[in-house]
Structure formats: C-alpha cells, structure tokens
Amino acid sequence: MIEVKLHDVGEGMTEGEIAHYLVQVGDHVTTDQPVVEVATDKMVAELPAPVSGIVKEIIIPVGQTVQVGTTLLHIEASNASGTPVAVTQEASSVPEPVQVAVTAPPVQASPSKRVLATPYTRKLARDHGIDIEAVTASDPSGRVSEDDVLRFANAAVAPQETVAPVVEEVTQQQTPPETIPFRGIRKQIAKKMTQSLYTIPHVTHFEEVDMTRLLALRAEWKAAGRNINVNAFFIKALIVALKDYPVFHAKLDEVHECIRLEQDFHFGMATETPDGLMVPVIRHADQLSLTELHDQLIALQQRAQNGALRAADLKPSTFTMSNVGPLGSTGATPIINYPETALIAFHKTKKRACVDEDDQIVVRSMMNLSMSFDHRVADGATAVAFTNRFVSLIEHPTTLLLELI
C-alpha cells in the first residue's frame, strides 16, 4: 500500500489545507494523475499519484489543515489491467493485513479523461454542482475555462413556473445569513495579515506625485511602438531610491539583534486574483531592462488572473508594491508583507488644477501614494526622504533614465 503524503509544494511551506479530492475510494489512478488539491498561504496546488493503482482509503477530510509529511490517502499499486503488484511500502508500526483475492475477477479500470482546467475553474464547477468532465471546452487546446463552466451552469437552469403570492399573512421566518467558507487561501491571507499587523508597529506616510511628464513620455514611446507598463518605471525608480535608503530594503532579525540589508532585488507585486490577494515576485528586478520588466509584469498578471501561478512565481520577495489606482483607490494604509520593512501603494491618477512655480494655475496628472514602514527599523524623516527621492525620479523621468545608464 502506497502512502500519498503532503509534500512541500513551495519554498518554506510547512502546512496546507485539503481543498478538494479529485478521486474517490475505488477509483483507478495512473502515475502523475492529480488526486488532491491543497491550499497553502500562496496558491492552490495539485498533488499527483506516485504510482498507478486503486484508491483504497482517504484519510484526511476536506477542510482540515495538516503538516507537511502527513499521509492523505492510500493507493494500492496495480498494473494496467488492475492486477495488484508488489511495491516497497513505507515503514509502519501496524502491519498491513494480508488480502487474498480468489473469487472476484480483476476489475477492468475505465480511466476517465483528465480534463484540463485550473484549480479555480474546478472549484467554480464544484460550487455549481457541475461535473467538469461534462463541460465542453471552447478553447482549441481542450482547456475548460470559467466561462465554459458558467455557460454550462446557465444552460442547465430550468425555467421556473410563476407562483402567485400567498395573500394570507403569516409570521415570516427569519432568513438565515448566507455564509462564505473561511478556509483555504483566504484563511492563510488572514493569518499572515494578523501576524504582520500584530508584530510590526506600522506607520503610513502619504505623498503625491506629478505623473504628467512620465505619462507624456509613455505616450511618446507608445506612438513609436514601445508600450511600457507604468509599473516598470515605478520599479526602476524604487530600486534607485532603495539603494540610496537601504533600510527600507531590509528585514529585522530580532533573534540575532540585527537589521539584514537585502542585496538582491526581488519585487513582490500585490495582485488581486479570483482566489484572493497573492504576491507574485519579479526576481532580480535590478538586472532587467524596462522592456523585460514590462514583459514579466504582463506575464505574471495573466497567470495570476488565470489561477496559473507557479511555485517559482511566489518565492519570498524583498520589497512589495501595490498599484490599486486602476481600481479607483485614492488612499489606503497598506499592511506590510511580513517580514519585510516597508510596502508602497500607488493610487488613482487624475487631473487636478495645481499652482506651478510661477503661481499659474495649470492642469497636472496627480497620483497619491502611501507607504507603510516598520517603525522599529526606520523613522518618519527617513521615510519622507525615501519617498521624496522616488517622487523626484518619477516627476523627472529623464533623470530616472540617466540613473539607468
């Protein structure tokens, strides 16, 4: 009997929550076929079967959080015809009972086709009570999308007969509140937010940025066929400012009583996904050009929205930024991505009437930013100097380009 255990599906993972089993007891599985979905604090991952065989026992129920190394289910290894084969099993304090099959003929397995779909799409199908194998994929590759599931669900809804309202007054029963399961990625996000807020004394500093010149430069480049995401400029300006003020690119080590200044620039991008807030990471951002940063930003955003982030995308970051401007935000007090020292958030850019150096009223494209920092590690004056350096680079993009030479 083979034990399928929870293993580390991402760097630093210690536990996971059982989100959904893709098989049932008695099902025939093949090697590397996904059998269970596990939710961590960063992603939903599928664990594959280590061998072909029959699922004999599911041990851990859905919704339970377990440590890495916990046995989740048992598979009896077999060959293609379903005949059990001898395999080396893991040591156990309780010996397996000997089973002899003499009367029942071997069961011919009828393996079903493995449907291509993201964990979020599978969850959507389960929430609607839909067998995802019955959904027809619109994508030529055969991958079932969430739109395919929703179309299938809408087509399955039968028209309801109109029922005349009851005239007689009766005592109304109180409708119970609707509930949303608090588990999986949402629960892990809550744990990390609580850890950060109760560990780090947060201070939030606010500033405004004149985006007029940068937007004009982007428009000029776009007209020339070189469209660059504004976040790429933000990252480059932040790298310059962090090199000048490295205390914000650090982690506090209370055990060894020191502040560790990070040398590698791994930028976390706080991103809203269908499964909740995630922080995919652009690694070694200081070694990338504006065009390379643009390409990685677009790729990460697409994978995040499609529920296809990889473990490599979610490795620890050294500094985190959040651009909530496209959602319409004008300000916030962001929570630091523990154990980092600071997090900067960019808000909506809109045209305002401003007074220039000549006391003339002019229209400028202004953006608010907010930066939360660990007051144990840095002080307010240093935070103001840091944001002033960043603002100067964004407001004068030619100066920023000179820094990149």
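Predicted model, so just to flag it, every value in this text is computed and none were measured. What's counted below: heavy atoms across the whole structure, side chains too, no hydrogens, waters or symmetry copies. Position 1 is the first residue of the sequence; numbering continues from there.
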Is it true that [Y] and [X] share a donor-acceptor pair across their side chains at a distance under 3.5 Å?
X	Y	answer
Ser52	Thr31	yes
Thr333	His202	no
Arg122	His20	no

What's the spacing between Arg151 CZ and Asp147 CG if we round to 0.5 Å?
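Separation between the atoms: 5.5 Å.
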
Flag if over 12 foreign heavy atoms under 6.0 Å of CG, Leu402:
yes

Could you tell me whether Phe182 atom CZ has more than 12 heavy atoms of other residues or ligands within 6.0 Å of it?
yes

Counting only N and O atoms by type, is there a donor-acceptor contact under 3.5 Å from the side chain of [X] to the main-chain atoms of [Y]?
X	Y	answer
Thr194	Ala190	yes
Gln263	Leu261	yes
Asp32	Pro48	no
Lys236	Ser289	no

With side chain to side chain contact (heavy atoms under 4.5 Å, CB included) as the test, pick out the partner of Val29 among Val55, Leu22, Ile54.
Val55

So if I apply the side chain to side chain contact (heavy atoms under 4.5 Å, CB included) rule between Ile259 and each of Asp253, Thr341, Val377, which one comes out positive?
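Among the candidates, only Val377 passes.
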
Looking at side-chain heavy atoms only, is the closest gap between Arg218 and Leu215 below 4.5 Å?
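Touching, per the 4.5 Å side-chain cut-off.
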
Is the closest side-chain heavy-atom distance between Tyr21 and Leu72 below 4.5 Å?
yes

Of all heavy-atom pairs between Phe386 and Phe248, which one has the smallest distance, and what is that distance?
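Minimum heavy-atom contact is CB-CE1, 3.6 Å.
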
Going by the angle between their ring planes, with limits at 30° and 60°, are Phe267 and Phe319 parallel, tilted or perpendicular?
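Plane angle between 30° and 60°, so tilted.
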
Exercise answer: donor-acceptor pairs, residues 364-376 side-chain atoms, under 3.5 Å, sequence neighbours excluded:
{"from": "Arg364", "atom 1": "NE", "to": "Asp210", "atom 2": "OD2", "distance (Å)": "2.8"}
{"from": "Arg364", "atom 1": "NH2", "to": "Asp210", "atom 2": "OD2", "distance (Å)": "3.2"}
{"from": "Asn368", "atom 1": "OD1", "to": "Arg352", "atom 2": "NH2", "distance (Å)": "3.1"}
{"from": "Asn368", "atom 1": "ND2", "to": "Thr330", "atom 2": "O", "distance (Å)": "3.0"}
{"from": "Ser370", "atom 1": "OG", "to": "Ala332", "atom 2": "O", "distance (Å)": "3.2"}
{"from": "Ser370", "atom 1": "OG", "to": "His347", "atom 2": "NE2", "distance (Å)": "2.9"}
{"from": "Ser372", "atom 1": "OG", "to": "Thr204", "atom 2": "OG1", "distance (Å)": "2.8"}
{"from": "Ser372", "atom 1": "OG", "to": "Pro334", "atom 2": "O", "distance (Å)": "2.6"}
{"from": "Asp374", "atom 1": "OD1", "to": "Arg376", "atom 2": "N", "distance (Å)": "2.9"}
{"from": "Asp374", "atom 1": "OD1", "to": "Arg376", "atom 2": "NE", "distance (Å)": "3.0"}
{"from": "Asp374", "atom 1": "OD2", "to": "Arg376", "atom 2": "NE", "distance (Å)": "3.2"}
{"from": "Asp374", "atom 1": "OD2", "to": "Arg376", "atom 2": "NH2", "distance (Å)": "2.7"}
{"from": "His375", "atom 1": "ND1", "to": "Ala378", "atom 2": "O", "distance (Å)": "3.1"}
{"from": "Arg376", "atom 1": "NH1", "to": "Glu254", "atom 2": "OE2", "distance (Å)": "3.3"}

Applying the side-chain hydrogen bond (donor to acceptor under 3.5 Å, both in side chains) criterion to Thr318, which one of Glu340, His249, Glu262 satisfies it?
His249

Lys243/Glu403 under salt bridge (Lys or Arg N to Asp or Glu O under 4.0 Å): CA gap, chis, key distance, verdict:
CA-CA 11 Å; Lys243 287 181 178 179; Glu403 292 284 351; over 6 Å; no

Could you give me the CA-CA distance, side-chain angles and deciding distance for Met321 and Asn231, then say whether side-chain contact (heavy atoms from CB on, under 4.5 Å) is met?
CA-CA 9 Å; Met321 57 175 275; Asn231 285 330; 3.6 Å; yes

Quick note, ring-ring contact (aromatic ring centres under 6.0 Å, His included) partners involving residues 276-308, not counting sequence neighbours, are His266-His284

Regarding Glu15 and Lys191, does a basic nitrogen lie under 4.0 Å from an acidic carboxylate oxygen?
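Salt bridge between Glu15 and Lys191, a charged N being under 4.0 Å from a carboxylate O: yes.
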
Glu57: partners by side chain to side chain donor-acceptor pair (under 3.5 Å), with sequence neighbours left out:
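With neighbours one apart ignored, the set is His74.
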
